[in-house]
Amino acid sequence: MNKTHPQRNGDVATWGSTKSLSEEKGCCRPCSVRTGCTQRCVCISAVALLILAATVGLAVALGLWPRAPVTRFCAASNNRTGFLCDDRATCIPASQVCDRASNCRNGEDEQEQLCGDLPHSLPGYLVFRCSNPKYWVYADKRCDGMNNCGDCSDEMGSSAACPLCRSDWWSCSPVLYEYCSCIPRRLCRDGIQHCLDWSDEYVCTP
């Protein structure tokens, strides 16, 4: 009686194939380009890839594998300079970085590497240098209408490049030192002089 063997189905040999051991080993070098590769070979390759992925993931978690540089610059509310958290969705104002309060979920805005030597440890885009080199302010405080540098260089200086007063501010030479070239319109006609020319009381409307 003639002995028959199961037919091969595509590139996968069915159970009972008479391939030799040497042929079986050869099919896995490489598995993806040699014909006659068995399901066992595919399974072994998949397990090897999983082990490799787990090893790389552990190395990254332990800091043994270099991380790709993370771009943290973002635009916060009112288009102010911001800091992007690890979730890649939360953008906090620059002035909330290193303020001793974790504003990002994982606390990356308060890390020692970032806050250890202010302002030198901060990325340049988070810092605005006043005309007096001894002073600096967070970049989101530039052009906010307030005299944060103490000499108005963050509002009127050439490096600040601020636009004209916004519609909700009144342009004048303020009396109060906290403002520079504009005052909030909410201060107009409040019975108190805020502009040298009194325009906040006789011309400006809230």
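Computed from a predicted structure; not experimentally measured.
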In a table with atom names and distances, give each donor-acceptor pair under 3.5 Å that connects a side chain of residues 120-128 to protein atoms at least two apart or in another chain.
residue : atom : partner : partner atom : Å
S121    : OG   : L114    : O            : 2.8
S121    : OG   : D117    : N            : 3.1
S121    : OG   : D117    : O            : 3.2
Y125    : OH   : F73     : N            : 3.4

Show me the donor-acceptor pairs within less than 3.5 Å that the side chains of residues 140-148 make with the rest of the protein, sequence neighbours left out.
residue : atom : partner : partner atom : Å
D140    : OD1  : S95     : N            : 3.2
D140    : OD2  : S95     : N            : 3.4
D140    : OD2  : S95     : OG           : 2.8
R142    : NH1  : A160    : O            : 2.4
D144    : OD1  : M146    : N            : 3.0
D144    : OD1  : N148    : ND2          : 2.9
D144    : OD2  : N148    : ND2          : 3.3
N147    : OD1  : G150    : N            : 3.0
N147    : OD1  : D151    : N            : 3.3
N147    : OD1  : C152    : N            : 2.8
N147    : ND2  : Y177    : O            : 3.1
N148    : ND2  : K141    : O            : 3.0
N148    : ND2  : M146    : O            : 3.3
N148    : ND2  : D154    : OD2          : 3.2

For residues 162-169, which side-chain donor-acceptor pairs fall under 3.5 Å, sequence neighbours excluded?
residue : atom : partner : partner atom : Å
R166    : NE   : D168    : OD1          : 3.3

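Counting heavy atoms from C-beta on, the side chains of C130 and V137 come closer than 4.5 Å. A 4.5 Å side-chain heavy-atom check between T90 and C104 finds every atom pair outside the cut-off. I192 places none of its side-chain heavy atoms less than 4.5 Å from the side chain of L187.
Not a single side chain to side chain donor-acceptor pair (under 3.5 Å) links S171 to another residue, sequence neighbours left out. For C74, the side chain to side chain contact (heavy atoms under 4.5 Å, CB included) partners two or more places apart in sequence, or in a different chain, are L84, C91. Taking R186 as the reference, Y179, P184 meet the side chain to side chain contact (heavy atoms under 4.5 Å, CB included) condition, with sequence neighbours excluded. Under the rule for a side chain to side chain contact (heavy atoms under 4.5 Å, CB included), the partners of D197 that lie at least two apart in sequence or sit in another chain are C172, C195, S199. Checked against side chain to side chain contact (heavy atoms under 4.5 Å, CB included), S77 has no partners two or more places apart in sequence or in another chain.
A donor-acceptor pair is defined here as one N or O able to donate and one able to accept, closer than 3.5 Å; such a pair exists between the side chain of N103 and the backbone of A101. At distances below 3.5 Å, not a single donor-acceptor pair connects side-chain atoms of E155 with backbone N or O atoms of C180.
Atoms SG and CD, on C115 and Q113 in that order, are 10.0 Å from each other to the nearest 0.5 Å. Note: R72 CZ to D86 CG = 4.5 Å, rounded to the nearest 0.5 Å. With rounding to the nearest 0.5 Å, the separation of CG in D99 from CD1 in I92 is 7.0 Å.
Residue pairs that meet the ring-ring contact (aromatic ring centres under 6.0 Å, His included) test with at least one member in residues 135-164, sequence neighbours left out, are W136-Y138. Listed by first and then second residue, the ring-ring contact (aromatic ring centres under 6.0 Å, His included) pairs that reach into residues 187-206 come to none, sequence neighbours excluded. Applying the ring-ring contact (aromatic ring centres under 6.0 Å, His included) definition to pairs two or more places apart or across chains, none involves residues 87-109.
Grouped by direct or indirect side-chain proximity (heavy atoms under 4.5 Å, Ile/Leu/Val/Met/Phe/Trp/Tyr only), M156 sits alone.
When all heavy atoms of C188 and P206 are compared, the closest pair comes out as O-CG, 3.6 Å. Between D87 and E108 the shortest heavy-atom distance is N-OE2, 4.5 Å. Scanning all heavy atoms of the two residues, the minimum distance from E110 to R100 falls at OE1-N, 3.0 Å. For the residue pair D200 and W170, the shortest heavy atom distance occurs at N-NE1, 4.2 Å. Minimum interatomic distance between A139 and A94 (heavy atoms only, all atoms of both residues): N-CB, 4.4 Å.
A 6.0 Å sphere centred on CZ of R189 holds more than 12 heavy atoms belonging to other residues, nucleotides or ligands.
Both I183 and V203 belong to a single network of hydrophobic side chains, linked directly or stepwise wherever heavy atoms of I, L, V, M, F, W or Y lie under 4.5 Å apart.
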